[in-house]
Protein chains: 2
Amino acid sequence: MTSVPVRLLLADDHPVVRAGLRAVLEGEPDFEVVAEAPTAERAVELAAELDVDVVLMDLQFGSGMGGSQATAVITARPGAPRVLVLTTYDTDVDILAAIEAGATGYLLKDTPPDELADAVRTAAAGKSALAPEIAQRLMDRVRRPAVMLSLREIEVLQLVAEGLSNQQISERLFLSQATVKSHLVHIYAKLGVDSRTAAVATATASGLIRR
Amino acid sequence: MTSVPVRLLLADDHPVVRAGLRAVLEGEPDFEVVAEAPTAERAVELAAELDVDVVLMDLQFGSGMGGSQATAVITARPGAPRVLVLTTYDTDVDILAAIEAGATGYLLKDTPPDELADAVRTAAAGKSALAPEIAQRLMDRVRRPAVMLSLREIEVLQLVAEGLSNQQISERLFLSQATVKSHLVHIYAKLGVDSRTAAVATATASGLIRR
DNA sequence: GGCCTTCTCCACCTTTCGATGGATGCGGCG
DNA sequence: CGCCGCATCCATCGAAAGGTGGAGAAGGCC
């Protein structure tokens with residue numbers, strides 16, 4: 001169908017992973033890797049400057065902007081490329097944040113090369129490409145909306161789990177402490193607990209947050 | 001010096017990472033990648049069958065044997081290859097387990113290709129190759145000989161991690177709240193934190209308590 | 001247009017937690 | 001024996017967290 005190759009941008013902070021993606025994807029005749037970005041910020045710039053069809057985006061970057069933020073910025077622009085998230089983690093926070101941000105697909109890094117190539121073609125065609133594990137998680141989530149925390153609530157809870165105080169969380173998320181407390185009150189109600197440590201314990205047990 | 005190339009075995013469950021390592025390392029004229037292993041078990045087999053100088057070993061495998069176990073098995077044999085651990089994570093448990101198991105070096109996956117190549121040569125020569133971050137961690141660890149919490153302190157911290165309040169902990173352990181607080185103060189001092197959630201976060205990260 | 005949810009923010013008040021600065025008894029070690 | 005670390009206990013005070021009861025803006029849905 002398409003005689004012109006699919007133009008790709010690789011965004012990952014690990015040089016080894018970028019080289020691996022390039023090696024795997026350039027083996028396909030209908031792909032062309034036009035650039036690599038070692039940071040999320042650089043990915044945003046390159047996606048704007050270059051004519052790119054699909055961005056392969058990692059979620060974890062060492063510092064600075066995160067992958068889902070970058071995804072949101074990139075997909076906001078009209079005529080934006082598709083963003084295919086490719087990461088190691090598969091927690092609810094990551095998945096929901098990425099999809100919310102406008103990702104076309106979500107793959108795990110242990111995906112075999114041929115499936116990866118298929119997913120890129122699927123994404124280039126504008127269809128969503130989800131790894132089976134991810135699809136399963138979303139199904140579970142829909143089937144049992146028992147612990148339905150909003151995205152923002154999970155975000156707050158994740159920071160609580162990392163040991164931050166309400167003050168620190170408010171600074172990190174550019175909120176007031178009052179708002180953080182509000183979110184926490186809602187979280188406690190939904191989880192049926194009455195303290196931050198208990199919330200972290202139950203949320204960890206149900207796989208809502210990482211670590 | 002060495003006219004024969006360094007013979008490498010790549011052990012990682014991510015095809016993309018294996019491809020990346022192969023791409024990066026085969027660019028060096030003095031390296032030869034002789035095999036790839038997608039599981040730790042396969043890495044052990046291949047290390048025994050083939051004549052290998054250095055094994056590049058991931059720590060996280062999806063299922064089955066872990067990377068540090070495989071490292072222990074491989075290095076136990078006389079005339080064994082050097083094992084260079086290459087992983088994303090840098091928690092104390094991982095690092096210590098790998099070094100304990102006989103790893104010659106420990107690198108993080110965001111290492112630049114040239115440093116990676118240097119580290120492989122260093123490992124091939126039998127010298128230890130540690131990423132600066134890792135070296136720093138080990139120094140910290142030596143400087144402050146293990147974060148040794150007393151049994152009682154770990155007991156208290158474990159209950160904190162399960163979400164119990166000081167009151168509940170005191171009842172569970174037949175203590176007064178004052179005593180629980182005392183233990184917590186000591187725990188905070190040893191861990192270098194100043195709140196219960198932060199204590200749980202760091203203790204979990206260093207494997208002091210189970211989750 | 002209403003209705004609902006989410007996210008944001010505010011004020012007031014109570015409880016819990018953490019910080020400080022003690023004290024006692026016990027057991028190991030030089 | 002004295003010293004030290006551990007575990008236990010205590011009181012007090014300020015700071016942080018939690019409880020209650022709001023409110024307004026944005027977006028999806030009927």
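Lettering follows sequence order; numbering is per chain, from 1.
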Practice problem: Can you spot which of A:Asp13, A:Thr88, A:Thr87 makes a side-chain hydrogen bond (donor to acceptor under 3.5 Å, both in side chains) with A:Gln60? | Solution: A:Thr87

Self-check item: Nearest-neighbour nucleotide for the A:Arg196 side chain, C:dG18, C:dC7, D:dG18 considered
Solution: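 Looking only at side-chain atoms, A:Arg196 lies closest to D:dG18.
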
Quiz item: Between C:dC7, D:dG18, D:dA7, which nucleotide has the shortest distance from any of its atoms to the side chain of B:Glu153?
Solution: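 Among the listed nucleotides, the one closest to the side chain of B:Glu153 is D:dA7.
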
Atom-to-atom span, [atom1] of [X] to [atom2] of [N] - whole angstrom:
{"X": "A:Tyr188", "N": "D:dT20", "atom1": "OH", "atom2": "C1'", "answer": "15 Å"}
{"X": "B:Leu184", "N": "D:dA16", "atom1": "CG", "atom2": "P", "answer": "17 Å"}
{"X": "B:Asp194", "N": "D:dG14", "atom1": "CG", "atom2": "C1'", "answer": "15 Å"}
{"X": "A:Ile187", "N": "C:dT6", "atom1": "CD1", "atom2": "P", "answer": "12 Å"}
{"X": "A:Leu157", "N": "D:dG18", "atom1": "CG", "atom2": "P", "answer": "11 Å"}
{"X": "A:Lys190", "N": "C:dT5", "atom1": "NZ", "atom2": "P", "answer": "10 Å"}

Using the side chain to side chain donor-acceptor pair (under 3.5 Å) criterion, which residues pair with [X]? Sequence neighbours excluded.
{"X": "B:Arg77", "result": "none"}
{"X": "B:Gln167", "result": "B:Glu171, B:Gln177"}
{"X": "B:Ser195", "result": "B:Thr197"}
{"X": "B:Thr39", "result": "none"}

Exercise. May I ask you to decide if B:Ser165's main-chain N or O and B:Gln168's side chain share a donor-acceptor pair within less than 3.5 Å?
Key: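 Flag set: sc B:Gln168 to bb B:Ser165 pair under 3.5 Å.
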
Quiz prompt | End-to-end axis angle, where each axis spans five pairs of the helix from C:dG1-D:dC30 to C:dG30-D:dC1, to 10° | solution = 40°

Quiz item: Which ones in residues 167-182 of chain B lie close to DNA chain C, meaning a heavy atom under 4.0 Å from one of its atoms?
Solution: B:Lys181

Who passes salt bridge (Lys or Arg N to Asp or Glu O under 4.0 Å) against [X], sequence neighbours left out?
{"X": "B:Arg22", "value": "B:Glu26, B:Glu36"}
{"X": "B:Arg121", "value": "B:Glu28, B:Asp30, B:Asp118"}
{"X": "B:Glu45", "value": "B:Arg42"}

OP1 or OP2 of [N] versus the side-chain N and O atoms of [X]: is any pair under 4.0 Å?
{"X": "B:Arg152", "N": "D:dT8", "value": "yes"}
{"X": "A:His186", "N": "C:dT6", "value": "no"}
{"X": "A:Asn166", "N": "D:dA17", "value": "yes"}

